[in-house]
Amino acid sequence: MQKEQIKQLFMEGIDCSQVVLEQYAKELGISREMAYKIAAAFGGGMGQGETRGAVVGAMLVLGMKYGHERRQDLEQKEVLNEKREQFFHLF
């Protein structure tokens, strides 16, 4: 997505977390509308100006793609932890 497209989305009320999750919606098997809803409460640093919405959006993507869904699935939990560490290293 180009900067101008992102800027236009912001002007239309779409926040960073929504933009990030929307970019992966198809890969994650959700609609753009669902991505926007899932990430909607995280804009503006969760409304507190703390953790950036883009970072939260990335964490949502990582959780949906690599998160564990079964109890005691420590192997998958470790995969997610590694992916999260890679993200923060690159970020």
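- Between E78 and E75 there is no side-chain heavy-atom pair separated by less than 4.5 Å.
- Under a hydrophobic clustering in which Ile, Leu, Val, Met, Phe, Trp and Tyr are joined whenever their side-chain heavy atoms come within less than 4.5 Å, directly or via other members, F91 and L80 fall into the same cluster.
- Between I6 and K3, the closest side-chain pair of non-hydrogen atoms is not below 4.5 Å.
- Within a 6.0 Å sphere centred on CE of M11, heavy atoms belonging to other residues, nucleotides or ligands number 12 at most.
- Across every non-hydrogen atom of S17 and F42, the tightest pair is OG-CB, 3.6 Å.
- When side chains are defined from C-beta on, N81 counts as touching R84, because their heavy atoms get closer than 4.5 Å.
- In this structure, E85 places its CD atom where only 12 or fewer heavy-atom neighbours from other residues, nucleotides or ligands lie under 6.0 Å away.
- Across all non-hydrogen atoms, the minimal contact from G53 to C16 is C-CB, 3.9 Å.
- Within 6.0 Å of CD in E33 there are more than 12 heavy atoms belonging to other residues, nucleotides or ligands.
- Under the 4.5 Å side-chain heavy-atom criterion for Ile, Leu, Val, Met, Phe, Trp and Tyr, Y36 and M34 are members of distinct hydrophobic clusters.
- The shortest non-hydrogen separation linking A39 to L21 is CB-CD2, 4.1 Å.
- For F88, there are no ring-ring contact (aromatic ring centres under 6.0 Å, His included) partners at least two apart in sequence or on another chain.
- The line from CE of M1 to CG of L9 is 5.0 Å long, rounded to the nearest 0.5 Å.
- With values rounded to the nearest 0.5 angstrom, Y24 atom OH is found 8.5 Å from L62 atom CG.
- For E12, the CD atom sits in a packed shell: over 12 heavy atoms of surrounding residues, nucleotides or ligands are nearer than 6.0 Å.
- Within the structure, salt bridge (charged side-chain N to carboxylate O under 4.0 Å, His left out) contacts touching residues 57-72 (residues at least two apart or in different chains) are E27-K65, R70-D73.
- Taking NE2 of H68 as the start and NZ of K77 as the end, the distance is 5.0 Å to the nearest 0.5 Å.
- In terms of heavy atoms, F87 sits closest to M59 at CD2-CE, 3.4 Å.
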